[in-house]
Every structure is written in C-alpha cells, then in structure tokens.
Amino acid sequence: MWAAAVVVDAGRIVGQRVVGGCASGPYVPGMLALRLGPQLEDVVRRIAPWPEVLLLDATGGDHPRRAGLAVHLGAALDLPTVGVTHRPLLATGAWPADEAGATSPLTIGTDQVATWLRTRRGTRPLVVHPAWRTDLDVAVRVVEASLAGRRTPEPLRSARQAARRARAGQ
DNA sequence: GCGACAG
DNA sequence: ATCTTGTCGC
C-alpha cells in the first residue's frame, strides 16, 4: 500500500511526501482507520510545511459511531480535517441541482452529517464531510477553494497521482 | 442466498 | 479499491 500527502497553497504544490508499506488490516466498511490510519498518520507527519487543514478521502460523522477516518486522523494529528468521498457510507439525501456550487443535505436520522456538493456542472456530485474541528460551511468552502476548475480538489488529485507513480515504481 | 458497504 | 461497461469529447 502506498500513501501520498501533498501541501497545496494557492494552487501550488509546496510540499510532498510519499510512503509505502503494508496496510495494517483488511478493508471493512466502518473500520477504515484500522486499515489506513497508521500509514496516513505517518505520511502526514513527514510533510512540510505543516498544513492548516487536511483534505482526505474519508468520512467524518457519516459513520456507525460518528467517527470516520477523517475524524480519527484529525484527532491523532491535532489538525483540522475535511473529508471528500464519491458516495456516503450511511447517510442519505437527494442530489443537488446540476449547477456548480449546488448542495443538498446528507443525513442520518435528523442529523446532517455531510453534504452533496456539485463541484462542476454535468458531473456527479461529491460528498463533503466536516470532520475534526470543521463544520459543514467550512468543509464546503475548503473544497471549493481547492478545486482549481476541476471536479476533484487539486490536493487529492496530486496525492493520488503521486501514490500511483510510487506504486508503479518511480 | 443476494445486495449493500468510505477506500 | 479494482473491474467492467457505456458515453462523451478531443
């Protein structure tokens, strides 16, 4: 398993780190932190400059115990976190209008734990999860500020690309 | 037994 | 995540 972390400031990559090794457990929905937590914490701790907020492929309160991987990692690192996923884990809610910036609530019972966000017209909306020391409003603003005109936040694209390169050996 | 189920 | 199928755009 490979993990990559990049620090993006004003659209520019100002820090990057890649780390490899064995995943620490199997993939079990609801227990991602057990599988990926240790290596993700390691790769973030090695990065410089230290970020103001972490964007992760993970959920926050959309979790059986309201503690998705983004919550765990934020707590472990004492760093604000925001999650971005393709789909919710448990929460449900109708898609927002097909307009950039449109949002709609994702709820578990009466609690809104995340929001659908249409980052770009004509594409599937992303799920934005407030997590450690962030709320819905901040989470959406962080994601929108990191889009760089694309559907997916630039830090996540860069990190995926770096991890893919490392996995291929280079 | 089958589908759902972050990555 | 990974894989497969289908669509759209360059």
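Everything numeric in this text was worked out from a predicted model, so none of it was measured. First the proteins, then the strands, lettered A, B, ... as listed; each starts at 1.
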Counting only heavy atoms and a strict 4.0 angstrom limit, can you tell me which residues of [range] come near DNA chain B?
| range | result |
| --- | --- |
| residues 62-79 of chain A | A:H63, A:G68, A:L69 |
| residues 86-103 of chain A | A:H86, A:R87, A:P88, A:L89 |
| residues 114-144 of chain A | none |

Note to self: If stacking means aromatic ring centre less than 5.5 angstrom from the base's six-membered ring centre, planes under 30°, is A:Y27 stacked on B:dG7?
What the structure shows: yes

Does [X] reach a base, just sugar-phosphate, or nothing at all? Heavy atoms under 4.0 Å.
| X | value |
| --- | --- |
| A:T85 | sugar-phosphate |
| A:G83 | nothing |
| A:M1 | nothing |

Sub-4.5 Å side-chain heavy-atom contact between [X] and [Y]:
| X | Y | result |
| --- | --- | --- |
| A:L79 | A:R133 | no |
| A:V44 | A:W50 | yes |
| A:V18 | A:W2 | yes |
| A:M1 | A:L36 | yes |

Shared-cluster residues of [X], by chain and number - hydrophobic side chains joined below 4.5 Å:
| X | value |
| --- | --- |
| A:L90 | A:L89, A:I108, A:V113 |
| A:V84 | A:V53, A:L55, A:V82, A:L117, A:L126, A:V128, A:V138, A:V140, A:V142, A:V143, A:L147, A:L156 |
| A:V6 | A:V8, A:I13 |
| A:W116 | A:W95, A:L106, A:V127 |

I need the [atom1]-[atom2] distance between [X] and [N], as an integer number of Å.
| X | N | atom1 | atom2 | answer |
| --- | --- | --- | --- | --- |
| A:M31 | B:dA4 | CE | P | 20 Å |
| A:L40 | C:dA1 | CG | C1' | 14 Å |
| A:R160 | B:dG7 | CZ | P | 8 Å |
| A:L36 | C:dA1 | CG | C1' | 10 Å |
| A:L32 | B:dA6 | CG | C1' | 5 Å |

I'd like to know if the side chain of [X] reaches the main chain of [Y], judged simply by a donor and an acceptor atom lying under 3.5 Å from each other, with no hydrogens or angles considered.
| X | Y | answer |
| --- | --- | --- |
| A:R151 | A:R124 | yes |
| A:T81 | A:W132 | yes |
| A:T115 | A:S104 | yes |
| A:R118 | A:P96 | yes |
| A:H129 | A:A131 | no |

Using the [atom1] atoms only, state how far [M] lies from [N], rounded to an integer number of Å.
| N | M | atom1 | result |
| --- | --- | --- | --- |
| B:dG3 | C:dT2 | P | 22 Å |
| C:dA1 | B:dA4 | C1' | 16 Å |
| B:dG1 | C:dG6 | P | 30 Å |

Next item on the list: May I ask you to check whether over 12 heavy atoms, not counting those of A:R12, lie within 6.0 Å of atom CZ?
Entry: no

Next item on the list: Give a yes or no on whether A:R150 atom CZ has more than 12 heavy-atom contacts from other residues, nucleotides or ligands under 6.0 Å away.
Entry: no

Notebook entry, point to check: Reading nucleotides 3-10 of chain C from the 5' end, what letters show protein touch, with B for base, S for backbone sugar-phosphate only, - for no heavy atom under 4.0 Å?
Noted result: --------

Check: Think A:R164 has a side-chain N or O under 4.0 angstrom from the OP1 or OP2 of C:dA1?
Finding: no

Next item on the list: Hey, could you give me each pair passing salt bridge (charged side-chain N to carboxylate O under 4.0 Å, His left out) that has a residue in residues 17-30 of chain A? Not counting sequence neighbours.
Entry: none

Next item on the list: Could you give me the CA-CA distance, side-chain angles and deciding distance for A:L73 and A:L54, then say whether side-chain contact (heavy atoms from CB on, under 4.5 Å) is met?
Entry: CA-CA 9 Å; A:L73 212 55; A:L54 214 55; 4.2 Å; yes

Next item on the list: Anything below 3.5 Å on both distances counts as a pair; with that, list the stems of at least three consecutive Watson-Crick or G-U pairs involving DNA chain C.
Entry: none

Next item on the list: Determine the stems involving DNA chain B; a stem requires 3 or more consecutive pairs of the Watson-Crick or G-U wobble kind, each with both distances below 3.5 Å, and the answer is none if no such run exists.
Entry: none

Next item on the list: Evaluate the criterion salt bridge (Lys or Arg N to Asp or Glu O under 4.0 Å) for residue pair A:E144 and A:R141; output intermediate values, then yes/no.
Entry: CA-CA 5 Å; A:E144 290 189 315; A:R141 285 194 294 176; over 6 Å; no

Next item on the list: Quick one: which residue pairs count as a side-chain hydrogen bond (donor to acceptor under 3.5 Å, both in side chains) with a foot in residues 21-47 of chain A, not counting sequence neighbours?
Entry: A:E41-A:R45, A:D42-A:R46

